[in-house]
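Encoded as structure tokens, the structure appears first; notes follow it.
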Amino acid sequence: MTHAPLVVLGGGPGGYAAAFLAADLGLQVTLVEADARLGGTCLLRGCIPSKALLHVAKILNEAKHLGEWGIDFTAPRINVDALRARKEKVISTLSGGLAGLAKRRNVRIISAKGSFLASNKLRLERTDTPGVVEELTFDHCILATGSRPAKIPAFEIGSPRVLDSTTALDLVDIPESLLVVGGGYIGLEMGTVYAELGSRVSVVELTTGLLPGADRDLVRPLHKRLEGIFSKIYLGTKVAGLRDTGSAIEVNFQDADGANERKETFSRVLVSIGRKPNSNDLGLENTKCRLDQRGFVVTNDRQRTDDPHILAIGDVAGEPMLAHKASHQGRVAVEGLHDGTAKFEPLAIPAVVFTDPEIAWAGLTEEQAKQQGRSVEIATYPWAASGRAQSLARTEGFTKMLIDPETDRILGVGIVGPGAGELISEGVLAIEMGCTARDIADSIHPHPTLSETMAFANESYFGTATEIYKPRVNKS
């Protein structure tokens with residue numbers, strides 16, 4: 001048995017960010033990760049490989065639409081092996097870089113599956129040396145074990161034709177047809193990839209709209225575009241059962257109320273119904289940590305659990321399950337241990353859906369404002385009035401601001417359109433800095449760019465946007 005002052009359990013975006021910062025601050029750090037490579041779900045089998053494939057999908061889509069400009073290409077020949085190899089190269093490059101950074105910082109890495117024997121003791125089942133089990137005591141442990149795809153027992157039929165978000169990224173082949181079960185961001189992103197590669201993609205969603213929980217105004221342009229990319233979109237529909245016929249998957253559909261049953265067959269089915277925290281099988285019952293009803297580890301604003309030796313960050317510590325939230329919480333946890341001052345109290349955590357068009361939002365949403373009974377004014381700027389959007393032939397987007405009518409302070413930002421994920425950071429900064437609509441409107445933005453729409457949306461709040469006519473309201 002050995003001892004470590006600080007242990008980080010999990011080598012994903014939150015875990016390695018915490019470990020690296022702790023080392024930078026002079027702490028002795030041990031990072032325990034079951035996988036042979038650092039990076040966690042995001043890098044190894046999530047956001048990084050999916051965005052690499054979405055880049056390919058975007059290029060394929062743009063090539064199709066260049067016909068509108070009088071430029072035609074022959075149909076692409078897709079080498080799946082080369083595509084898969086390129087995706088793996090991206091992963092290897094980034095994970096190898098993390099390993100090098102850990103070495104330079106003298107972060108000790110142990111390849112093992114860890115579980116708690118007590119509040120200050122871990123059992124380490126080595127993954128690099130099968131059969132070897134060790135024990136490690138610590139002063140503090142930062143729990144960063146992430147999450148995994150949620151599963152429905154009825155869909156666990158033991159068929160390789162039924163995929164989850166991890167196996168879908170393996171890109172074994174390009175199926176003739178694919179059903180995506182779940183209209184959330186992961187399902188829509190992967191559905192977009194397969195559709196652009198040549199599959200006939202259908203999506204089924206139990207609720208009445210895609211991306212449940214997202215602003216309906218932002219979803220509307222995306223839904224319209226996806227209707228031209230996907231074969232079918234079933235809303236208010238549930239999947240009652242799956243059966244492998246030997247050559248395809250037979251899917252039993254029902255209306256949300258269980259009526260109107262019908263069947264269709266698909267080459268593959270991707271089940272994407274969300275994620276669950278990796279909080280089970282960790283021995284947390286041997287600690288003072290507390291779980292909520294959904295299995296998330298309960299923490300305070302310093303990422304501390306009910307156990308004085310253990311902190312928790314990232315997906316395992318609650319929603320939203322986003323890599324950048326995990327990284328920020330990792331820094332908060334370490335800074336709290338270092339000088340006790342840091343707190344996790346963001347005013348805005350950005351969310352991005354990397355479909356085409358992209359959707360991004362931060363801060364207060366219109367639905368949240370209604371639920372809270374909060375008075376807000378909404379200012380929008382249609383990208384049809386943007387010279388840059390017109391030049392790209394992508395005028396379906398718009399920028400939306402939620403503004404406090406008493407103070408003119410920016411409360412929320414929503415964007416739909418190409419590159420929305422790159423634009424939302426200005427909105428995050430505006431919310432965090434307490435900017436007013438006048439601050440953004442009076443900040444000179446480069447022309448012609450899509451970033452201008454941030455300023456123009458705020459100009460429209462005052463009734464002074466140049467490229468659109470909106471009657472002036474009584475604003476100073």
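When atom types are taken as modelled, the side chain of Thr30 and the backbone of Arg108 share no donor-acceptor pair closer than 3.5 angstrom. Here the side chain of Arg275 pairs a donor or acceptor atom with the backbone of Ser147 at under 3.5 angstrom. Between the side chain of Glu422 and the backbone N or O of Gly419, no donor-acceptor pair lies under 3.5 Å. Remark: side-chain polar atoms of Asp292 are paired, donor with acceptor, to backbone N or O of Arg294 under 3.5 angstrom. With hydrogens and angles ignored, the 3.5 Å screen pairs a side-chain donor or acceptor of Gln329 with a backbone N or O of Gly314. A donor-acceptor pair under 3.5 Å links the side-chain atoms of Tyr194 to the main chain of Ala168, judged by distance alone. With hydrogens and angles disregarded, a donor-acceptor distance shorter than 3.5 Å links the side chain of Asn300 to the backbone of Gln303. Remark: the backbone N or O of Gly414 is not paired with any side-chain donor or acceptor of Lys400 at under 3.5 angstrom. At distances below 3.5 Å, at least one donor-acceptor pair connects side-chain atoms of Arg148 with backbone N or O atoms of Pro277. Here the side chain of Thr305 pairs a donor or acceptor atom with the backbone of Asp307 at under 3.5 angstrom.
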**Report entry** Full working for side-chain hydrogen bond (donor to acceptor under 3.5 Å, both in side chains) between Asn61 and Arg225
**Finding:** CA-CA 12 Å; Asn61 183 270; Arg225 189 168 176 86; 2.9 Å; yes

Report task. Check the pair Asp170 / Thr167 against side-chain hydrogen bond (donor to acceptor under 3.5 Å, both in side chains), numbers first and verdict last. Result -> CA-CA 5 Å; Asp170 291 339; Thr167 54; 5.5 Å; no

Query raised in the report: How far apart are the C-alpha atoms of Ile313 and Leu311, what are their side-chain angles, what is the distance that settles it, and do they pass the side-chain contact (heavy atoms from CB on, under 4.5 Å) test?
Result: CA-CA 7 Å; Ile313 64 173; Leu311 301 87; 5.6 Å; no

Requested in this report: Check the pair Met401 / Asn458 against side-chain contact (heavy atoms from CB on, under 4.5 Å), numbers first and verdict last.
Outcome: CA-CA 7 Å; Met401 314 294 296; Asn458 286 280; 3.5 Å; yes

Report task. Start with the C-alpha gap between Gln372 and Leu364, add the side-chain angles, then the distance that decides, and say whether side-chain contact (heavy atoms from CB on, under 4.5 Å) holds. Result -> CA-CA 10 Å; Gln372 297 172 15; Leu364 189 70; 3.9 Å; yes

Query raised in the report: Can you list the steps and then say if Leu43 with Leu98 is a side-chain contact (heavy atoms from CB on, under 4.5 Å)?
Result: CA-CA 11 Å; Leu43 172 53; Leu98 291 175; 3.7 Å; yes

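The line from NZ of Lys288 to CG of Asp306 is 9.5 Å long, rounded to the nearest 0.5 Å. Annotation: the span from Leu218 atom CG to His223 atom NE2 amounts to 15.0 Å, rounded to 0.5 Å. Rounded to the nearest 0.5 Å, atoms CG (Leu235) and CG (Asp255) are 11.5 Å apart. Distance CZ/Phe116 to NE2/His309: 11.0 Å, rounded to 0.5 Å. Taking CD1 of Ile174 as the reference point, atom CG of Leu197 lies at 4.5 Å (rounded to 0.5 Å). Separating the CG atom in Leu284 from the CG atom in Leu291 is a distance of 6.0 Å, to the nearest 0.5 Å.
Residue Arg105 qualifies as enclosed at atom CZ: its count of foreign heavy atoms under 6.0 Å is above 12. Within 6.0 Å of CD on Glu319 lie more than 12 heavy atoms contributed by other residues, nucleotides or ligands. Sparse packing is recorded around CZ of Arg86, with 12 or fewer heavy atoms of other residues, nucleotides or ligands lying under 6.0 Å away.
Smallest separation of non-hydrogen atoms from Gly183 and Val203: CA-CG1, 4.1 Å. Smallest separation of non-hydrogen atoms from Leu38 and Leu44: O-CD2, 3.8 Å. Of all heavy-atom pairs between Leu178 and Phe266, the closest is C-CD2, 4.1 Å. Closest non-hydrogen pair, Ala22 versus Leu6, comes out as CB-CD2, 3.6 Å. What you find for Ser115 and Asp281 is that their closest heavy atoms are CB-O, 4.1 Å. Closest approach of Pro149 to Ser165, counting heavy atoms only: CG-OG, 3.5 Å.
For Arg45, the salt bridge (Lys or Arg N to Asp or Glu O under 4.0 Å) partners are Asp35, not counting sequence neighbours.
Two residues are said to be in side-chain contact when any heavy atoms from C-beta on lie closer than 4.5 Å; Val181 and Phe155 meet this criterion. Contact check for Thr192 versus Leu226: side-chain heavy atoms found under the 4.5 Å cut-off. Residues His445 and Met454 are in side-chain contact: their nearest non-hydrogen atoms beyond the backbone lie under 4.5 Å apart. Counting heavy atoms from C-beta outward, His140 and Ile142 have side chains that stay 4.5 Å or more apart. The shortest side-chain heavy-atom distance between Glu33 and Tyr16 does not fall under the 4.5 Å cut-off. Two residues are said to be in side-chain contact when any heavy atoms from C-beta on lie closer than 4.5 Å; Ile415 and Trp383 meet this criterion. Taking the side chain as every heavy atom from C-beta outward, Val413 and Ile424 approach each other to under 4.5 Å. Annotation: side chain of His324 is in contact with side chain of Ile349 (closest heavy-atom distance under 4.5 Å).
No option in Ser50, Pro49, Ser92 other than Pro49 meets the side-chain contact (heavy atoms from CB on, under 4.5 Å) test with Lys87.
Salt bridge present: Glu189 and Lys51 bring a charged side-chain N and a carboxylate O closer than 4.0 Å. Under 4.0 Å is where a charged nitrogen must lie from a carboxylate oxygen, and between Asp356 and Lys58 no such pair does. The pair Lys151-Asp164 counts as a salt bridge, with a side-chain nitrogen and a carboxylate oxygen less than 4.0 angstrom apart.
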